[in-house]
There are 2 protein chains.
Amino acid sequence: MTTDSTRERILQAAGEQFATDGFAQATIRAICRKAGVNIAAVNYYFGDKERLYIEAVKHARRLREKQAPLPTWTSSTPAEKKLREFVLTLLRRMLCEPGDPWQTRLIIREIMEPTKACEELVQEAFRPFFQILVDILREMMPATTPLYTVHHWALSVIGQCFYYRANEKILTMLIDQEELRQQFTVEKLSEHISDVILRGLGHLSSSSLSHPVATLRSNDETA
Amino acid sequence: MTTDSTRERILQAAGEQFATDGFAQATIRAICRKAGVNIAAVNYYFGDKERLYIEAVKHARRLREKQAPLPTWTSSTPAEKKLREFVLTLLRRMLCEPGDPWQTRLIIREIMEPTKACEELVQEAFRPFFQILVDILREMMPATTPLYTVHHWALSVIGQCFYYRANEKILTMLIDQEELRQQFTVEKLSEHISDVILRGLGHLSSSSLSHPVATLRSNDETA
DNA sequence: TATCGGATTAAACGCATGTTTTAAACAATT
DNA sequence: AATTGTTTAAAACATGCGTTTAATCCGATA
């Protein structure tokens, strides 16, 4: 059947186009040109532009979760290991490795300026994902820690991961290209972010740091 | 003179409109309606839409820096104090307190999708601001620390601050409204973020934490 | 083979946009 | 009071958009 093929080609082209240009700027004409189908095909298969957009966002999320899934943990998996793997997965999804960059860019658009498509994202992806992180952090904090403190730490994790993707283009203007290529890989970034959090929570000794940074203090003596 | 008044009214209205709708979505007609001037005034004063946009971005940056300036430090100001004040200032600018929310929203748009207006932002604001942060962090790290490690930490600071603004709307969907209002104030967030960084750098003892979280370890002994 | 229904196409509609044009209003100067 | 240069105003222009229409294609069915 050419039916599914056409529908899927539109979905793919729409995802790329919406990710690049945003909902309003992306034109149905451009999407159809890229997909190699007639203009009327969008209305035929999806009704209108908005419903096509919503389907494209859902499509992107599903792809993203498949391509960078969370590992499965047992009850004996240490929280530190879970945190490191969580950060690595989140960064992989953010930086779209592996995968096409348009998927995450489309999702980030929804995060920055939520539309109708966002509700599904929060329900199906963000909320459960956030809860997993909160549970991991809880394991590493005193049972009496107030919920909002756990939330603060969770957002510190997500915030650091989010930044590298969202501010991609600014980064290339602030930091040397070669340094970015060598030192800002998914692996190195996730190691750094995990270290920041684990040290902050007191779950990492100075000696085990990849780059020990705390060997002197500004107002007192050196070690 | 009504000249400046008209020009400034356009600039203000354009800032708000561009911040809300983005460059392409904001219409000259809406801007002029909001400013109470004729449609042709934009072309008369700014030439075209794009130059109006660039001026509006510059305008927003200048306002933001005036309303949330960095404090002046002496050579004897401790690095920890400088970091805390830096984070507080950055968060103030991000969350637009004090000030109208449109200013930062417009700038964040430029960060996410740089246009011609971005070059000026980086040169005049981001690069110097980033350098100040790097210098503060350097004071707290061994002299032999590689530059990219300092950059990692600097981006950890900025990333955490950035997140609360960028993901404003998602936060309200993930976290209870009352908790947000009470626990996610500029002061509390900046304290948390500073604590995360200072602890990570080994410049903060557990006892001085606002919410001591590291009273247990999962796999080894406590300090 | 004839027919029927879903899939595709080209063309057109109505509308909103950025920009330009042309004229009017205004203030300052002679 | 007349004139000049600057500012405001309304209308029109060309363009590109999302959507709809009506005709055509084409494979499965009888």
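Just so we're on the same page: letters track the sequence lines, and every chain starts at 1. These numbers were taken from a predicted model, which means no experiment stands behind them.
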[N] OP1/OP2 closer than 4.0 Å to side-chain N/O of [X]:
X	N	result
B:T6	D:dT7	no
B:N38	D:dT7	no
A:Y44	C:dG6	no
B:N43	C:dT20	yes

Closest nucleotide among [options] to the [X] side chain:
X	options	answer
A:I28	D:dG18, C:dT9, D:dT7	D:dG18
A:T27	C:dT17, D:dG18, C:dT8	D:dG18
B:Y45	D:dT19, D:dT8, C:dA10	D:dT8

**Study point:** Check: A:K49 side chain, A:F23 main-chain N or O, donor-acceptor pair, under 3.5 Å
**Key:** yes

I need the [atom1]-[atom2] distance between [X] and [N], as an integer number of Å.
X	N	atom1	atom2	answer
A:E8	C:dA7	CD	P	14 Å
A:R9	C:dA7	CZ	P	14 Å
A:I39	D:dT21	CD1	P	16 Å
B:D21	C:dT17	CG	P	11 Å
A:E50	D:dG18	CD	C1'	13 Å
A:F46	D:dG18	CZ	P	15 Å
A:F18	D:dG18	CZ	P	8 Å
A:F23	D:dC17	CZ	P	14 Å

May I ask you to say what [X] touches in the nucleic acid, namely base, sugar-phosphate or nothing, with a heavy-atom cut-off under 4.0 Å?
X	answer
B:A41	nothing
A:A26	sugar-phosphate
A:A30	nothing

Point to revise | Neighbour count >12 (heavy atoms, 6.0 Å) for atom NZ, A:K34 | key: yes

Check your understanding: B:H192 vs A:H152 aromatic rings, parallel, tilted or perpendicular, using cut-offs 30° and 60°?
Key -> tilted

Review point. Quick check, are the ring centers of A:F184 and B:Y148 under 6.0 angstrom apart?
Key: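 For A:F184 and B:Y148, the ring centres are not under 6.0 Å apart.
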
Check your understanding: Considering heavy-atom distances to DNA chain D, does A:Q25 or A:A40 have its closest nucleotide positioned more toward the 5' end?
Key ->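 Its nucleotide being nearer the 5' end, the pick is A:Q25.
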
Review point. Does A:R29 make a side-chain donor-acceptor contact with the base of D:dG18, cut-off 3.5 Å?
Key: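 Such a pair is found, so the answer is yes.
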
Point to revise | Closest approach of A:I108 to A:A166 (non-hydrogen atoms, all atoms of both residues) | key: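 The answer is CD1-N, 4.4 Å.
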
